[in-house]
Amino acid sequence: MFATIAKLLMKRLIVAIPILLVVSALLFIILRILPVDPAAMSLPPNATLAEIEAKRLEMGLHLPLIQQYGIWLAQVLHGNFGTSIHFRRDVASLVMTTLPSTIELAVFAMLIASIIGIAGGLILFHVRGTRKEAGLDFGSILLLSLPEFLWSLFLILLFGVALEWLPFTGRLSPGVERPTITGFLLLDSLLAGKPAVFWNAVQHMLLPCFALGISFSPSIMRVLRSSLLDVYQDDYIHQARLRGLSERRILIRHGLKNAILPTLSLMGVQFGFLFGGTLLVEVIYSYPGMGNLMVDAIRNADLPIIQAVGLTYCIVVLVISIAVDSLYLILNPKLRVR
Amino acid sequence: MTSLPAWLKSGRVLIGLTIITIVAVCAIFAPYLAPHDPSEQDLLAMLLPPAWAQGGDAAYPLGTDSLGRCVLSRLIFGARVALTVAFLASMGAMILGAVLAHVAGYFGGWIDWFIGRIVDVWMSFPPVILSLILMVGLGTGLRNVILAIILVDWTRFCRVLRSEVLVVTRRDYVAAARLLGFSHWRTITREIAPATLPLLITLMSLEMGVAVIVEAILSFVGLSVGAQTPAWGQMIADARQNIYQAPWNLICPILAIFFTVFGFNVLGDGLRRTLDTRLSETERA
């Protein structure tokens, strides 16, 4: 099995490298054709024209675009994404401090989406052919029509403003000290032995995670339901019935086990989208992750950050899709070569 | 009702069409329907609650925002941006995606490989991130919002349609058309495209809902049509400042977006059930 996975990883890596090259070129070119002068922006506003011209030469802005891209790419490969124009800090370290928060948010949201999605799919399938079906199916379209940012606002209004149960800005309440070991706040607070900080962080994450999770669950529900419908046409379900197994056992042990595979590959794609969806949720909840960094950078036309964050999102999406494909191989014995 | 085609008899299609018609009427006749000018400020009546709540003013049925502008009028005018983007962007994305899908699926070979790799590159970007980056590159404005959505979402059409075209191209009647001496152009437009049309219409309806959401997202972040044109995402961003004093300012545009997107999704689902000839009977029920 490991040989198969290793082969798959190799194949996917060979595909991923040219994709990343094209993506980085696109990012570079889209952002370089902006009518913004990076040289003028990186100098104080009282700089003279001669100083700006000197800076342009220093930054290599007079060179052809291809050559500029080459220089930039060489720097990026050495881990140097440049210095933020607005924050005047190293971009790579800015991205590395915000990435863990975004990963935490995305992983827990995906967990919630999977739980709601799979449970909902089983319920939708269970009520097939009854009068409840039309109603529940309609309900899943209702859910499908509420994107993550509307859910975020809605949950803030309900649990934050009206009921005042949960906090809805930032990651910790003001005055709570943040331990830093790995950069993953939840992990760090446990490692540092501070359950109060952990609990505070969990409270802050509940609303954003649920907003993202709920909004990505309906498509999982619907795909699971239709692949269960497909699976139930097969003979082995009929055979299991004839053997006298209970409906519940057939559904969980026979139906779900086979129907989960198409659902899993959809979940991989969904996880990629969800990772992009964190951006809005972070903005709405003032959550200090990569999305907020990106939106701030866009408002300040901070090109090095936009490029670095854009590239990071792509890398994470590619990693997720490779991971899901490997998981698919582990779970589906038919794909293994012997 | 027997003379009506099957898709018009579906309850979902009717609900979807009704909702979209209501929103479209609001958008087209906005100047006649809106009680006020959407950018007229009444600085004596800021953050009024809706008319039915304590302290509401009947002149402002849904209250006013932080600049004393009529929320209902802004909602009605906001439908213009939302629907313009929905129709033009999904039309553009459909044309671009469908053309590439037909070319890729029909000719196969290196063209198919090449288009497939472009789709791979696009798919490695989360759509929200790609549209934000494109908006940064293109600059704000209605035309650029539409262009950005087309450039992001054509892959949705291309991926799904390509496999459909592959299936149809292998059918015998297409081979027969080629043997009769039909040109590639005529085979694609007269023989293959009609067979993929039901799927195309369904995808288009769903894409319109996606376009409404993307436009709201972009205007929420401040990268859409600019502050002088009322847009739903813009209203949400403004209302966020006064979430405690005036929750209705936030709830109204949320409901407007939800209502519109729901209309497109129900229509799309109804069309999928009635138009898709390959759907098994269990699915259709």
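Order of the sequence lines fixes the chain letters, A, B, ..., with proteins taken first and strands second; residue numbering starts at 1 for each chain.
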Is [X] close to chain A through its backbone or its side chain, or both, or neither, when contacts mean heavy atoms under 4.5 Å?
X: B:Ala216; answer: both
X: B:Asp269; answer: side chain
X: B:Leu223; answer: side chain

Could you tell me whether the side chain of [Y] reaches within less than 4.5 Å of the side chain of [X], counting heavy atoms only?
X: B:Leu132; Y: A:Ile298; answer: yes
X: B:Arg117; Y: A:Val22; answer: no
X: B:Arg240; Y: A:Ile284; answer: yes
X: A:Leu144; Y: B:Val261; answer: no

Highest number of heavy-atom pairs under 4.5 Å with chain B: which of [options]?
options: A:Val309, A:Val269, A:Leu142, A:Leu157; result: A:Leu142
options: A:Leu153, A:Val295, A:Ile315, A:Val283; result: A:Leu153
options: A:Val15, A:Leu318, A:Val23; result: A:Val23
options: A:Ile306, A:Asp137, A:Leu279, A:Leu274; result: A:Asp137

So, for [X] and [Y], which heavy atoms are closest and what is the spacing to 0.1 Å?
X: A:Val317; Y: B:Ser124; answer: CB-O, 3.6 Å
X: B:Ile129; Y: A:Met294; answer: CG2-CE, 3.9 Å
X: A:Gly276; Y: B:Pro126; answer: CA-CB, 3.4 Å
X: A:Gly310; Y: B:Ile133; answer: CA-CD1, 4.2 Å

Let me confirm one number: the OH-CZ distance from A:Tyr313 to B:Phe125, rounded to the nearest 0.5 Å.
12.0 Å
Going from CE on B:Met123 to CD1 on A:Ile19, what distance comes out if it is rounded to the nearest 0.5 angstrom?
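Answer for the CE-CD1 pair, B:Met123 versus A:Ile19, is 10.5 Å.
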Take atom CZ of A:Phe210 as the centre, draw a 6.0 Å sphere, and report whether it contains more than 12 heavy atoms from other residues, nucleotides or ligands.
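Not buried by this count: 12 neighbours or fewer within 6.0 Å.
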Under 4.5 Å from any heavy atom of chain B - which part of A:Arg299:
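Interface part for A:Arg299: side chain.
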Name the region of A:Leu26, side chain, backbone, both or neither, that has any atom closer than 4.5 Å to a heavy atom of chain B.
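Contact with chain B is through the side chain of A:Leu26 alone.
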Over 60° means perpendicular and under 30° means parallel, so classify the ring planes of A:Phe149 and B:Phe220, tilted if in between.
tilted
[options]: which one forms the most heavy-atom pairs within less than 4.5 Å of chain A?
options: B:Leu250, B:Leu130, B:Ile251, B:Asp120; value: B:Leu250
options: B:Gly268, B:Gly209, B:Pro127, B:Pro247; value: B:Pro127
options: B:Ile217, B:Val128, B:Val266; value: B:Ile217

Step by step, work out the side-chain contact (heavy atoms from CB on, under 4.5 Å) result for B:Ile254 and A:Trp151.
CA-CA 9 Å; B:Ile254 291 180; A:Trp151 268 113; over 6 Å; no
Step through it carefully: locate the ring centre of A:Phe154, locate the ring centre of B:Phe258, and say whether they are under 6.0 Å apart.
no
